[in-house]
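Each remark here refers to the structure printed beneath this line.
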Amino acid sequence: MDNQEGILQNSDLKRYSGRLNLKPKSINDKLNVAFNLTATKLENSRPDARNVVGNMLTLNPTDAVYVNGQPNVNLSNDAVNPLISQRIYSDETTNNRILANISPSYEFIKGLTFKFNLGVDYSMSQRDIQVLPYTSATIQPKYFEQHCYE
């Protein structure tokens with residue numbers, strides 16, 4: 001397992017992988033079957049980097065980030081607090097991949113071998129992007145207040 005944390009909050013990459021290699025021999029070492037299998041699962045979380053970084057760059061540095069322990073929603077330049085942007089946005093991707101190969105071979109006589117190769121490369125990805133309702137810095141919908149400050 002490999003777990004890489006990103007620079008921004010809500011950004012990380014988790015990688016799980018396994019590998020199996022078999023090469024049994026039989027019939028007086030004339031029949032060989034090589035089998036290779038590799039499986040990988042990636043879980044990737046991404047923040048809305050363009051909006052989060054853009055809002056960070058446009059914020060007035062004298063504005064308070066928190067008010068009464070909660071992210072400030074009334075910023076002087078009517079920008080969205082990046083802390084709120086991170087709470088209302090999620091982008092999750094899962095990728096599963098399997099690489100498999102089987103290769104039987106038979107040596108009929110010394111120097112004459114028949115070999116067959118069969119392989120598969122299967123990959124499936126699923127991406128889920130969600131943005132919770134949020135209208136503006138001055139009007140807060142009830143859904144946001146109930147779910148993001150818990």
- Item | side-chain hydrogen bond (donor to acceptor under 3.5 Å, both in side chains) assessment of Ser45 paired with Glu92 | CA-CA 5 Å; Ser45 299; Glu92 306 285 331; 2.7 Å; yes
- Message: Between Leu57 and Asn55, is there a side-chain heavy-atom distance shorter than 4.5 Å?
- Response: no
- Does the gap between the ring centers of Phe116 and Phe114 come in under 6.0 Å? no
- Query: Does Ser123 offer a backbone N or O that forms a donor-acceptor pair with the side chain of Asn96 under 3.5 Å?
  - Reply: no
- Message: Just verifying a value: how many Å separate Ser11 OG and Gln9 CD, rounded to the nearest 0.5 Å?
- Response: 9.0 Å
- Message: Pair Ser103, Asn117 - check side-chain hydrogen bond (donor to acceptor under 3.5 Å, both in side chains), show working.
- Response: CA-CA 5 Å; Ser103 179; Asn117 245 339; 3.2 Å; yes
- Message: For Asp12 and Gln4: C-alpha separation, side-chain torsions, deciding distance, then whether side-chain contact (heavy atoms from CB on, under 4.5 Å) applies.
- Response: CA-CA 6 Å; Asp12 62 16; Gln4 299 175 0; over 6 Å; no
- Task: Could you tell me the separation between the CG atom of Asp121 and the CG atom of Leu99, rounded to the nearest 0.5 Å?
- Result: 4.5 Å
- Shortest non-hydrogen pair, Gln86 vs Asn10, comes out as O-ND2, 3.0 Å
- Message: Go through it in stages, so that I can follow the logic: the residues are Val65 and Asn72, the test is side-chain contact (heavy atoms from CB on, under 4.5 Å), and I'd like the CA-CA distance, side-chain angles, deciding distance and then a yes or no.
- Response: CA-CA 5 Å; Val65 178; Asn72 187 0; 6.0 Å; no
- Message: Once rounded to the nearest 0.5 Å, what's the spacing between atom CG of Asp29 and atom CD of Glu107?
- Response: 9.5 Å
- Look up atom CG in Leu8 and atom CG in Asp48, then write down how far apart they are to the nearest 0.5 Å. 10.0 Å
- Query: Are side-chain heavy atoms of Arg127 and Asp91 found at a separation under 4.5 Å?
  - Reply: yes
- Query: Heavy atoms, side chains only, cut-off 4.5 Å: are Arg97 and Asn95 in contact?
  - Reply: yes
Only distances under 3.5 Å count here; give the side-chain donor-acceptor pairs of residues 30-42 to other protein atoms, sequence neighbours excluded, each with its distance to 0.1 Å.
none

- Under the criterion side-chain contact (heavy atoms from CB on, under 4.5 Å), which of Asn51, Ile129, Leu132 is the partner of Tyr89? Ile129
- Item | Distance-only side-chain donor-acceptor flag, Asn3 / Glu5, under 3.5 Å | no
- Query: Do Ile98 and Leu118 share a hydrophobic cluster (ILVMFWY, side-chain heavy atoms under 4.5 Å, transitive)?
  - Reply: yes
- Check against side-chain contact (heavy atoms from CB on, under 4.5 Å), Ile84 and Arg87: CA-CA 5 Å; Ile84 293 173; Arg87 289 181 181 182; 5.6 Å; no
- Criterion side-chain contact (heavy atoms from CB on, under 4.5 Å) on Val73 and Val67, from CA distance to verdict: CA-CA 9 Å; Val73 295; Val67 174; over 6 Å; no
- Item | Main-chain N/O of Leu83 paired to Asn81 side chain as donor or acceptor, under 3.5 Å | yes
- Query: Are Pro82 and Leu59 close enough that some pair of their side-chain heavy atoms sits under 4.5 Å apart?
  - Reply: yes
- Message: If hydrophobic clusters are built from ILVMFWY residues whose side chains come within less than 4.5 Å, do Val53 and Ile7 share one?
- Response: no
